[in-house]
*Asks:* 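Below you'll find the structure I mean.
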Amino acid sequence: MTIERISTNSRMSKIVKHNGTAYLCGQVAKDRNADIHTQVTGMLEKVDELLETAGSSHDRILSATIYLADMADFKALNEVWDNWVPEGTAPARACVQAQMASPELLVEISVIAATS
C-alpha cells in the first residue's frame with residue numbers, strides 16, 4: 001500500500017494519505033492575533049483547503065482533535081464549529097486544553113478524513 005506525502009519538509013508533511021484516509025498536520029489560525037471566533041474560522045478555512053488538496057472535504061472528517069489554550073473559549077469554538085460541520089456528519093471529536101507553541105495562538109486542530 002502506497003503512502004503519499006504532500007507538502008513535505010524535513011519536519012513534517014501537511015498531508016499524508018494512506019489507504020483512503022488523509023491525515024492533516026495541526027492547523028492554526030490564519031491571523032494569530034485575532035479573537036477566538038476569527039482564529040477558529042481561519043483555522044477551519046485552512047482545514048478546508050488541505051482537505052480539498054487531499055481529495056476530501058469537511059463532511060468526510062472521521063476524527064478531529066482540538067486544542068484550546070483556554071477552555072473558557074470552548075463555547076466560542078463550538079459556535080463556529082457547529083455552523084461549519086454539516087448536519088449529520090459530525091466526526092469523532094476531542095477537545096483539550098493545551099499550551100500552544102506560540103502565546104498568541106488560541107486554538108489548533110488535528111484532522112483525519114476519508115478521501116474520495
Side-chain angles (χ1 to χ4, degrees):
M1 294 190 195
T2 304
I3 298 173
E4 180 183 359
R5 300 174 198 282
I6 301 169
S7 296
T8 301
N9 62 33
S10 63
R11 181 168 292 159
M12 66 180 176
S13 299
K14 286 189 177 181
I15 304 166
V16 175
K17 292 174 64 176
H18 174 68
N19 201 25
T21 306
Y23 304 83
L24 306 186
C25 68
Q27 294 302 300
V28 297
K30 290 181 175 184
D31 180 356
R32 294 172 173 233
N33 297 307
D35 66 9
I36 186 64
H37 283 97
T38 305
Q39 284 202 25
V40 172
T41 300
M43 175 188 75
L44 296 176
E45 288 171 356
K46 289 170 67 175
V47 168
D48 279 332
E49 292 165 6
L50 287 175
L51 288 173
E52 183 177 345
T53 299
S56 189
S57 61
H58 66 261
D59 63 335
R60 297 180 57 80
I61 294 175
L62 304 171
S63 176
T65 303
I66 302 169
Y67 307 92
L68 284 173
D70 186 342
M71 287 305 285
D73 289 330
F74 187 69
K75 181 179 177 188
L77 159 74
N78 285 327
E79 289 171 358
V80 179
W81 176 268
D82 291 346
N83 287 314
W84 181 70
V85 175
E87 187 173 337
T89 67
R93 188 184 106 164
C95 185
V96 298
Q97 184 169 331
Q99 184 174 352
M100 297 295 156
S102 298
E104 66 276 6
L105 290 173
L106 304 176
V107 63
E108 182 172 349
I109 190 170
S110 179
V111 169
I112 301 170
T115 58
S116 43

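By convention here, the first residue in the shown sequence is residue 1. Note that the structure is a prediction, hence the values are computed from the model and not measured.
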*Asks:* Do side-chain atoms of Thr53 reach the backbone of Glu49 as a donor and acceptor pair under 3.5 angstrom?
*Replies:*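 Between the backbone of Glu49 and the side chain of Thr53 there is a qualifying donor-acceptor contact (under 3.5 Å).
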*Asks:* Let me check something: do Val28 and Val47 share a hydrophobic cluster, defined by ILVMFWY side-chain heavy atoms less than 4.5 Å apart, either directly or through other members?
*Replies:* no
*Asks:* Tell me whether Gln97 at atom CD has more than 12 heavy atoms from other residues, nucleotides or ligands lying less than 6.0 Å away.
*Replies:* yes
*Asks:* Are Val96 and Met100 co-members of a hydrophobic cluster defined by side-chain heavy atoms under 4.5 Å apart?
*Replies:* yes
*Asks:* Report yes or no: do Val85 and Val111 belong to one cluster of Ile/Leu/Val/Met/Phe/Trp/Tyr joined by side chain heavy-atom distances under 4.5 Å?
*Replies:* yes
*Asks:* Under the rule for salt bridge (Lys or Arg N to Asp or Glu O under 4.0 Å), what residues qualify as partners of Glu79, not counting sequence neighbours?
*Replies:*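 Residues passing salt bridge (Lys or Arg N to Asp or Glu O under 4.0 Å) with Glu79: none at all.
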*Asks:* If a pair satisfies ring-ring contact (aromatic ring centres under 6.0 Å, His included) and one of its residues is in residues 62-99, list it, with sequence neighbours excluded.
*Replies:* His58-Trp84, Trp81-Trp84
*Asks:* Can you find a pair of side-chain heavy atoms, one from Glu45 and one from Thr41, that are under 4.5 Å apart?
*Replies:*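 Yes, at least one pair of side-chain atoms sits under 4.5 Å.
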*Asks:* If you round to the nearest 0.5 Å, how far is OG of Ser110 from CG of Leu24?
*Replies:*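 One finds 7.5 Å between CG of Leu24 and OG of Ser110.
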*Asks:* To the nearest 0.5 Å, tell me how far Glu108 CD sits from Met43 CE.
*Replies:* 9.0 Å
*Asks:* Quick check: closest heavy atoms across Thr115 and Ser56, and the distance to 0.1 Å?
*Replies:*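 So the two residues come closest at CA-CB, 4.2 Å.
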*Asks:* Can you list every pair that meets ring-ring contact (aromatic ring centres under 6.0 Å, His included) and has a residue in residues 91-116, with sequence neighbours left out?
*Replies:* none
*Asks:* Taking atom CG of Asp82 and atom CD of Glu87, what is their separation to the nearest 0.5 Å?
*Replies:*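 Asp82 atom CG to Glu87 atom CD measures 11.0 Å (nearest 0.5 Å).
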*Asks:* What do the steps show when you test Ile66 against Val40 for side chain to side chain contact (heavy atoms under 4.5 Å, CB included), and what is the final call?
*Replies:* CA-CA 10 Å; Ile66 302 169; Val40 172; over 6 Å; no
*Asks:* Identify each donor-acceptor pair in which a side-chain atom of residues 1-12 lies under 3.5 Å from a protein atom, sequence neighbours left out, and give them as a table.
*Replies:*
{"residue": "Thr8", "atom": "OG1", "partner": "Ser13", "partner atom": "OG", "Å": "2.6"}
{"residue": "Asn9", "atom": "OD1", "partner": "Arg11", "partner atom": "N", "Å": "2.7"}
{"residue": "Asn9", "atom": "OD1", "partner": "Met12", "partner atom": "N", "Å": "2.9"}

*Asks:* Tell me which pairs pass salt bridge (Lys or Arg N to Asp or Glu O under 4.0 Å) where either residue lies in residues 91-106, with sequence neighbours left out.
*Replies:* Arg32-Glu104
*Asks:* Test Val107 against Asp73 for side chain to side chain contact (heavy atoms under 4.5 Å, CB included), laying out the working first.
*Replies:* CA-CA 9 Å; Val107 63; Asp73 289 330; over 6 Å; no
*Asks:* Scan for ring-ring contact (aromatic ring centres under 6.0 Å, His included) pairs involving residues 28-48, sequence neighbours excluded, and state none if there are none.
*Replies:*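 Counting only pairs at least two positions apart or across chains, no ring-ring contact (aromatic ring centres under 6.0 Å, His included) contact touches residues 28-48.
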*Asks:* Using every non-hydrogen atom in the two residues, find where Pro91 and Ser63 come nearest and quote the distance to one decimal.
*Replies:* CB-N, 3.9 Å
*Asks:* Can you tell me how far CG of Asn78 sits from CG of Asn83, rounded to the nearest 0.5 angstrom?
*Replies:*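 Atom-to-atom, Asn83:CG and Asn78:CG are 10.5 Å apart.
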*Asks:* Give, for atom CD1 of Ile36 and atom CG of Leu68, the distance between the pair rounded to the nearest 0.5 Å.
*Replies:*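 Rounded to the nearest 0.5 Å, the CD1-CG separation comes out at 5.5 Å.
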*Asks:* Please check this pair: side chain of Lys14 against backbone of Leu50, looking for a donor-acceptor N/O pair closer than 3.5 Å.
*Replies:* no
*Asks:* Quick one: pull up CD1 in Ile109 and CD1 in Ile61 and give me the separation to the nearest 0.5 Å.
*Replies:*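 The CD1 atom of Ile109 sits 6.0 Å away from the CD1 atom of Ile61.
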*Asks:* Any donor and acceptor pair, going by atom type alone, linking the side chain of Gln39 with main-chain N or O of Ala34 inside 3.5 Å?
*Replies:*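 Between the backbone of Ala34 and the side chain of Gln39 there is a qualifying donor-acceptor contact (under 3.5 Å).
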